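Given the structure is predicted, the values throughout are model-derived calculations rather than measurements.
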Amino acid sequence: MWGSKQTVANDVTLISVKAEISGDIRVSGGLHVDGRIKGNILADPDSGAAVRISDKGYVEGEIRAPNIVINGEVKGDVYSSEHIELAKKAVVTGDVHYVMMEMVMGAKVNGKLLHVAAEKGKKVSKPEPVDAKPVTEAPMLDAGKPVNKSS
């Protein structure tokens with residue numbers, strides 16, 4: 001999933017497709033969501049926790065975890081201190097704060113993508129917004145010389 005060096009904790013909690021949870025969830029291992037959660041999903045940045053929202057999963061709330069895979073719908077901000085993957089059917093309505101991100105064609109983010117610089121052995125620092133500047137037309141240059149605009 002994230003390469004051969006990374007391991008996911010053996011303890012995985014499953015929220016089945018017929019389950020709906022109202023309230024915050026704190027995890028330190030793995031969490032697989034096929035159902036609905038109305039509340040925040042929280043994990044310590046150094047816990048190695050992995051949160052996976054399947055294509056059937058829905059979360060209305062904030063997600064804070066080191067490793068996150070989203071293939072369902074999330075309405076709220078997402079904070080990943082290590083790695084986040086936005087799969088083909090992912091729909092995120094909120095800002096995504098990431099250190100390292102994988103985004104597959106088809107994934108949608110209705111919010112900002114905010115890169116967060118992580119230092120080894122330290123917690124995640126304040127997010128830095130990604131500049132999205134509109135593309136403007138510039139005069140064409142010919143071998144380093146400006147184009148004659150009088151023609």
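Taking all atoms of both residues into account, the shortest heavy-atom contact from S81 to P66 is OG-CA, 3.2 Å. Nearest approach of K89 to D55, heavy atoms of both residues: NZ-OD2, 3.6 Å. N71 and A87 make their closest contact through OD1-CB, 3.2 Å (heavy atoms, listed as atom of the first residue, atom of the second, distance). Across all their heavy atoms, M105 and K88 have their closest contact at O-CG, 3.8 Å. Nearest approach of S80 to H83, heavy atoms of both residues: OG-O, 3.0 Å. In terms of heavy atoms, V109 sits closest to M103 at CG2-CE, 3.9 Å.
Counting heavy atoms from C-beta outward, V116 and Y98 have side chains that stay 4.5 Å or more apart.
Under the 4.5 Å side-chain contact rule for hydrophobic residues, V78 and Y58 do not share a cluster. Under the 4.5 Å side-chain heavy-atom criterion for ILVMFWY residues, a single connected hydrophobic cluster contains both I63 and L113.
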| request: Could you walk me through whether V59 and I41 pass the side-chain contact (heavy atoms from CB on, under 4.5 Å) test, one step at a time? | output: CA-CA 9 Å; V59 175; I41 299 173; 3.9 Å; yes
| From CA spacing to verdict: side-chain contact (heavy atoms from CB on, under 4.5 Å), M101, L86 | CA-CA 8 Å; M101 179 172 64; L86 301 176; 4.0 Å; yes
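Atom CZ of R26 sits about 13.0 Å away from atom CG of L31, to the nearest 0.5 Å. Atom OG of S28 is separated from atom CG of L42 by 12.5 Å, given to the nearest 0.5 angstrom. Expressed to the nearest 0.5 Å, how far CD1 of I84 lies from CE of M100 amounts to 11.5 Å.
The side chain to side chain contact (heavy atoms under 4.5 Å, CB included) search around A65 returns A43, V51, I68, not counting sequence neighbours. S54 meets the side-chain hydrogen bond (donor to acceptor under 3.5 Å, both in side chains) test with D34; sequence neighbours excluded. For R64, the side-chain hydrogen bond (donor to acceptor under 3.5 Å, both in side chains) partners two or more places apart in sequence, or in a different chain, are E62. Applying the salt bridge (Lys or Arg N to Asp or Glu O under 4.0 Å) criterion to K75, with sequence neighbours excluded, gives E73. Remark: D95 pairs with D77, H97, K112, L114 by the side chain to side chain contact (heavy atoms under 4.5 Å, CB included) rule, at least two apart or across chains.
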Please tabulate, for the side chains in residues 14-25, all donor-acceptor contacts under 3.5 angstrom to protein atoms that are two or more places apart in sequence or on a different chain.
| residue | atom | partner | partner atom | Å |
| --- | --- | --- | --- | --- |
| D24 | OD1 | N40 | N | 2.9 |

